[in-house]
Enquirer: 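Shown below is the structure under consideration.
FYI, the numbering just counts along the sequence from 1. The analysis underlying the following values was restricted to heavy atoms, covering all of them including side chains, and did not include hydrogens, waters or symmetry mates.
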Amino acid sequence: MNNMLASLLSPSPVLSTASLQQQQQQPPPQSLRLPPNKQPLTTTLVAAAAAGLLLLSPSPAPSRADPEFSVYYGTAASAANYGGYGGNASKKDTAEYVYEVPSGWKERLVSKVEKGTNGTDSEFFNPRKRTEKEYLTFLGGIRALAPLGAVLDNLALSDVNLQDQIASADDVSKAQREDGNGQVYYEYEIAGAGAHSLISVTCARNKLYAHFVMAPNAEWGRDEAVLRRLHQSFKTIDPAAPPPVTES
């Protein structure tokens, strides 16, 4: 009886050997390793959506750089001193006035005769349209500005083009301003039938300085912002002189 129970409880030698052989022949199970996810799923989805929006959105138009300008230093030398004061004198050190010039504009050489007759001291022009220009004239022996309305008419006496522009003007505006140093400037704007002009006039060093910015109407419509900047850049340099006296 006991022998029968022992035989029933003991594993079969044949089954045990086969089982062991099967276990030895089967390779050990290998676990499947997934690549680690470096970013959370939500971050990945947001990044993908942003990339899609960038592809769909139009690229912003490149912004235009502001025009470049240089500063002109004018000496307002007399015809006798045409060409400068001689030696190694710097125009910057001896300048009596300054104004800005757009990059690319050309300087016109003022003749000695022209300087002596109408006082033109400097002139620059746009090579694409020579009638778009700025220039400065001066007259010596003037200690103070005349009344606002009289100065423009006096300037036109020696400038035929200015006379014609005033005669055909649709509008002529006049104003007066004063800078931080007490220097008084008269401002004129002439909207003519064919051209537009901005004029600034002041007195210093016993001289009258008149700065002109002129352009045909087609160029004025295109370059108005630049031309107004040229007009506003003009100023005289005379730190030692007292502010000019303005006649009423």
Side-chain angles (χ1 to χ4, degrees), residues 58-76 91-92 95-110 119-138 145 148-149 151-152 155-156 159-204 208-237:
S59 301
S63 59
R64 292 184 178 181
D66 291 337
E68 295 181 357
F69 298 84
S70 60
V71 177
Y72 176 78
Y73 296 88
T75 57
K91 290 188 69 174
K92 185 176 181 179
E96 296 183 10
Y97 66 88
V98 295
Y99 59 76
E100 291 184 338
V101 180
S103 176
W105 280 33
K106 305 297 183 182
E107 182 176 7
R108 184 181 71 83
L109 183 62
V110 178
T120 301
D121 189 63
S122 58
E123 182 175 321
F124 290 82
F125 64 91
N126 185 347
R128 295 179 301 176
K129 188 74 173 181
R130 294 182 67 95
T131 51
E132 184 178 17
K133 59 186 178 179
E134 68 174 325
Y135 62 94
L136 184 132
T137 63
F138 74 96
L145 291 170
L148 182 64
V151 169
L152 184 62
L155 290 175
D159 191 329
V160 176
N161 293 329
L162 183 59
Q163 292 180 25
D164 294 340
Q165 192 173 4
I166 294 175
S168 62
D170 298 327
D171 181 50
V172 178
S173 61
K174 308 171 185 178
Q176 178 177 324
R177 69 175 176 87
E178 184 174 330
D179 65 14
N181 297 322
Q183 183 79 4
V184 176
Y185 294 82
Y186 287 170
E187 308 285 351
Y188 303 95
E189 182 168 352
I190 306 172
H196 207 104
S197 292
L198 300 172
I199 307 171
S200 183
V201 184
T202 191
C203 278
L208 182 143
Y209 303 85
H211 178 253
F212 297 81
V213 177
M214 294 183 171
N217 287 335
E219 277 65 36
W220 172 263
R222 181 192 64 197
D223 301 331
E224 178 180 354
V226 172
L227 297 173
R228 288 194 182 278
R229 173 169 175 166
L230 303 183
H231 172 65
Q232 296 168 0
S233 69
F234 165 69
K235 66 178 181 179
T236 57
I237 301 176

Enquirer: Taking Glu100 as the fixed residue, which of Gln232, His231, Arg229 is the one that meets the side chain to side chain donor-acceptor pair (under 3.5 Å) rule?
Expert: Arg229
Enquirer: Give the minimum heavy-atom separation between Gln183 and Cys203, together with the two atoms involved.
Expert: NE2-O, 2.8 Å
Enquirer: Of all the heavy-atom pairs spanning Asn217 and Gly192, show the shortest one and how long it is.
Expert: ND2-O, 3.4 Å
Enquirer: Minimum heavy-atom separation for Leu155 to Ile199, with atom names?
Expert: CD1-CG2, 4.3 Å
Enquirer: Tell me, which pairs form a salt bridge (Lys or Arg N to Asp or Glu O under 4.0 Å) where one or both residues lie in residues 124-135, sequence neighbours left out?
Expert: Glu132-Arg222
Enquirer: Where do Val226 and Pro102 come nearest, in terms of heavy atoms and distance?
Expert: CG1-CG, 4.1 Å
Enquirer: Sequence neighbours left out, what passes ring pair (Phe, Tyr, Trp, His ring centres under 6.0 Å) with Phe212? Give chain and number order.
Expert: Tyr135
Enquirer: Got a sec, which residues hit salt bridge (Lys or Arg N to Asp or Glu O under 4.0 Å) with Glu219, two or more places apart in sequence or on another chain?
Expert: none
Enquirer: Not counting sequence neighbours, which residues clear ring pair (Phe, Tyr, Trp, His ring centres under 6.0 Å) with Trp105? List them please.
Expert: none
Enquirer: For His196, what residues pass the ring pair (Phe, Tyr, Trp, His ring centres under 6.0 Å) criterion, not counting sequence neighbours?
Expert: Trp220
Enquirer: Please identify each residue that fulfils salt bridge (Lys or Arg N to Asp or Glu O under 4.0 Å) with Asp223, with sequence neighbours left out.
Expert: none
Enquirer: Between Thr236 and Glu96 (side chain of the first, backbone of the second, donor and acceptor by atom type, cut-off under 3.5 Å), is there such a pair?
Expert: no
Enquirer: So, using side chain to side chain contact (heavy atoms under 4.5 Å, CB included) as the criterion, who are the partners of Ala195 when residues are at least two apart?
Expert: Gln165
Enquirer: Could you tell me which non-hydrogen atom of Leu230 sits nearest to which non-hydrogen atom of Phe69, and how far apart they are?
Expert: CD2-CE2, 3.8 Å
Enquirer: Holding to side chain to side chain donor-acceptor pair (under 3.5 Å), I want the full list of residues that pass it with Tyr99, two or more places apart in sequence or in another chain.
Expert: Ser122
Enquirer: Return yes if some donor-acceptor pair links the side-chain N/O of Asp121 with the main-chain N/O of Ala76 below 3.5 Å, else return no.
Expert: yes
Enquirer: Would you please name every residue forming a side chain to side chain donor-acceptor pair (under 3.5 Å) with Tyr185, sequence neighbours left out?
Expert: none
Enquirer: Should Tyr209 and Phe234 count as side-chain neighbours, where that means a heavy-atom distance under 4.5 Å?
Expert: yes
Enquirer: Report the residues that fulfil side chain to side chain contact (heavy atoms under 4.5 Å, CB included) with Ala156, sequence neighbours left out, ordered by chain and then residue number.
Expert: Leu162, Gln163, Ile166
Enquirer: Please list all pairs meeting salt bridge (Lys or Arg N to Asp or Glu O under 4.0 Å) that have one or both residues in residues 159-168, counting only residues at least two apart or in different chains.
Expert: none
Enquirer: Could you name each residue pair satisfying salt bridge (Lys or Arg N to Asp or Glu O under 4.0 Å) that touches residues 166-183, not counting sequence neighbours?
Expert: Arg177-Glu187
